[in-house]
Every structure is written in C-alpha cells, then in structure tokens.
Amino acid sequence: MTISRRTARRSVQILGVAAASTALAVSAAGSALACSISEFSAAAACQDGKGVITVKDVDASGTKATVTVYLENNGSDVKQIGSQDVTGSREGVTITFAEDWAPKAEYRIHVTAGKREVGDITPNLTTPAEGCSTGETTAPATTAPATTSPATTPASESPTPTPSASDSTAPAATSSNAPSPAAGDSNLAETGANSNTGLIAGVAGALVVVGGGAVFFGMRRRGANSGR
C-alpha cells in the first residue's frame with residue numbers, strides 16, 4: 001500500500017511537470033506565432049504637405065509590439081527617426097512617424113515584441129521619387145489659366161483681318177482712279193452733245209440766210225440800175 005501511494009505521488013508529480021512544460025512550450029509557440037514580421041507593413045506618404053512614414057500591424061492576437069524606424073545610408077543606420085508601441089488587430093492598426101523624407105530615401109523598420117526580436121520589415125522602405133513639397137507644388141496648375149490667356153490673345157489677334165479690309169478698300173480706290181479717264185470721256189461726250197453746238201449751228205444757218213438775202217437784194221439793185 002505504501003509503495004503504491006509513493007508511486008502514485010511520483011506519477012502525479014511527473015504528470016504535473018510534463019503539463020507545465022507543455023503549457024510553457026505552447027505559450028512560447030503561441031507568442032511566436034502571435035507576432036510575426038509578415039504582419040507588419042510600412043509606407044511613405046504625405047499629410048498636409050509634410051512627409052510621414054506609416055506602419056500597419058495586422059496581428060490578430062493583439063500582441064503588443066514596438067516599432068522603431070531608422071534612416072539608412074549605404075546599409076548603415078544614420079539616425080533613429082522614432083519608436084512607438086502598437087497593439088495589432090485583425091483589421092489592422094496603423095501608427096505614424098512624422099518624417100520629412102527626401103525622394104528615394106531608404107528606411108529600416110525594426111519590430112520587437114517584449115524582449116523578443118521579431119525582425120526587420122524587408123525589403124527596406126524606399127520613398128517615392130517626388131517629395132511632398134514638389135508633389136504639392138502642382139499649384140502651378142493655378143498658372144494654367146495663364147497659359148489659357150494666350151488663347152485669348154489669338155482672339156484679340158482676330159482684328160488682324162481688318163488690315164485685309166483696308167486692303168480691300170485700296171483696290172476700291174484704284175478702281176475709282178480707273179474710271180477717271182472714263183469720266184473725261186463722259187465730259188467729252190457731254191461737250192459733243194452740248195446745247196451750244198445747236199446754237200452755233202442755228203447762228204450759222206441764220207448768217208447763211210442773211211447772206212443769201214443780201215446777195216438777192218444786191219442783184220435786184222443792179223438790175224434796176226441797168227434798166228435806167
């Protein structure tokens with residue numbers, strides 16, 4: 001009886017230790033599976049004209065993690081931009097780092113969960129080719145109306161046909177000069193058909209009649225004288 005009890009106690013102790021070790025292993029495995037670097041993503045964006053770096057955590061287990069962002073140059077850390085804690089969710093939780101990033105800059109994002117190193121988001125984050133300031137200075141679109149103003153100047157240039165109108169009047173002037181000899185011809189025609197010509201003809205006819213009468217009376221006188 002005594003031996004069997006001791007054996008039972010030892011069996012219980014052995015089972016308890018095995019259960020505890022199993023629980024630790026499961027919890028360690030669970031924590032390892034709960035926070036994975038594949039659940040993190042990063043992006044460079046612009047907010048209100050200023051650069052920001054966002055990191056999203058889609059860890060459904062809600063394990064608390066720490067995210068640290070470093071500016072890289074030739075494979076080494078130049079400076080630490082910032083560090084923030086995040087508790088992910090299935091829908092995803094996003095944290096934001098204010099950073100006026102330069103175009104085509106490189107950043108390393110490192111993640112830890114408690115004392116455990118989760119790792120770096122790979123590949124490193126590379127910013128866009130255009131910065132936020134240049135992206136927003138698409139305000140020169142306001143000068144685009146200035147480009148439309150030359151379109152109005154062609155409308156103002158439309159009066160240029162007016163010289164052609166003046167040119168059209170010039171030929172009219174030449175045409176008025178051309179008739180001038182015609183006008184002279186008309187004056188000659190008018191002088192030829194002038195009423196003075198008829199008057200002159202009438203006077204000439206009257207003179208002829210007067211001359212004939214004078215001749216007639218002269219001859220009668222001569223005959224009378226010769227009869228005496």
Side-chain angles (χ1 to χ4, degrees), residues 12-151:
V12 170
Q13 290 175 354
I14 292 170
L15 290 174
V17 172
S21 61
T22 302
L24 289 174
V26 171
S27 64
S31 63
L33 294 175
C35 188
S36 172
I37 194 63
S38 62
E39 297 168 336
F40 293 84
S41 60
C46 297
Q47 290 183 0
D48 299 329
K50 297 181 180 179
V52 296
I53 294 176
T54 60
V55 179
K56 187 175 183 180
D57 181 7
V58 293
D59 178 16
S61 67
T63 302
K64 184 178 180 180
T66 301
V67 179
T68 307
V69 179
Y70 299 92
L71 175 62
E72 291 286 289
N73 186 16
N74 295 327
S76 60
D77 297 340
V78 176
K79 67 175 180 178
Q80 178 178 324
I81 303 303
S83 182
Q84 294 185 41
D85 293 335
V86 59
T87 301
S89 67
R90 188 180 299 276
E91 293 77 13
V93 176
T94 301
I95 55 177
T96 302
F97 296 85
E99 169 66 2
D100 190 14
W101 45 263
K104 295 184 178 180
E106 184 178 354
Y107 291 88
R108 181 173 71 92
I109 294 93
H110 184 69
V111 181
T112 59
K115 295 182 179 180
R116 183 172 64 88
E117 295 288 333
V118 178
D120 294 340
I121 298 177
T122 55
N124 288 341
L125 173 64
T126 301
T127 60
E130 292 185 358
C132 294
S133 58
T134 57
E136 283 199 352
T137 48
T138 49
T142 57
T143 61
T147 58
T148 58
S149 62

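Nothing here was measured: the structure is a model prediction, and the numbers come from that model.
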>> Could you measure the distance from the NE2 atom of His110 to the OG atom of Ser83? Nearest 0.5 Å is fine.
In response: 9.5 Å
> Is there side-chain contact between Asp57 and Glu39, with at least one heavy-atom pair below 4.5 Å?
Replying inline: yes
> Side chains of Phe40 and Ile109: does their closest heavy-atom pair fall under 4.5 Å?
Replying inline: no
> If every non-hydrogen atom of Leu71 is compared with every non-hydrogen atom of Ala105, which pair is closest and at what distance?
Replying inline: CD1-CB, 4.5 Å
> Which heavy atom of Arg116 sits nearest a heavy atom of Cys35, and at what distance?
Replying inline: NH2-O, 3.1 Å
>> Please give me the minimum heavy-atom distance between Ala45 and Cys132, naming the atom from each residue.
In response: O-SG, 3.9 Å
> If you measure from CD1 on Ile81 to CD on Glu99, what distance do you get to the nearest 0.5 Å?
Replying inline: 3.5 Å
> For Thr66, what residues pass the side chain to side chain donor-acceptor pair (under 3.5 Å) criterion, not counting sequence neighbours?
Replying inline: Asp85
> What is the minimum heavy-atom distance between Ala44 and Pro128, and which atoms define it?
Replying inline: CB-CD, 4.0 Å
>> Quick check against the 3.5 Å criterion: does Thr87 have a side-chain atom that pairs as donor or acceptor with the backbone of Thr63?
In response: no
> Any sub-3.5 Å donor-acceptor pair from Trp101's side-chain atoms to Thr126's backbone N or O?
Replying inline: no
> So, does Thr127 use its side chain to make a donor-acceptor pair with the main chain of Ala102 at under 3.5 Å?
Replying inline: yes
> What closest approach, in Å, do Ala65 and Val111 show between heavy atoms, and which atom pair accounts for it?
Replying inline: CB-CG1, 4.1 Å
> Closest approach of Thr94 and Lys56, non-hydrogen atoms and distance?
Replying inline: OG1-CG, 3.6 Å
>> Could you go through Val67 and Gln84, starting from their C-alpha distance and side-chain angles, then the distance that decides it, and tell me whether this counts as side chain to side chain contact (heavy atoms under 4.5 Å, CB included)?
In response: CA-CA 5 Å; Val67 179; Gln84 294 185 41; 5.5 Å; no
> Do Leu125 and Ile53 touch side chain to side chain, with heavy atoms closer than 4.5 Å?
Replying inline: yes
> Do Ile121 and Ile37 touch side chain to side chain, with heavy atoms closer than 4.5 Å?
Replying inline: yes
> In chain order, what residues pass the side chain to side chain donor-acceptor pair (under 3.5 Å) check against Ser38, with sequence neighbours excluded?
Replying inline: Ser36
>> Ignoring hydrogens and geometry beyond distance, is a side-chain donor-acceptor pair present between Ser61 and Asp59 at under 3.5 Å?
In response: yes
> How many angstroms lie between CG in Asn124 and OH in Tyr70, if you round to the nearest 0.5 Å?
Replying inline: 12.5 Å
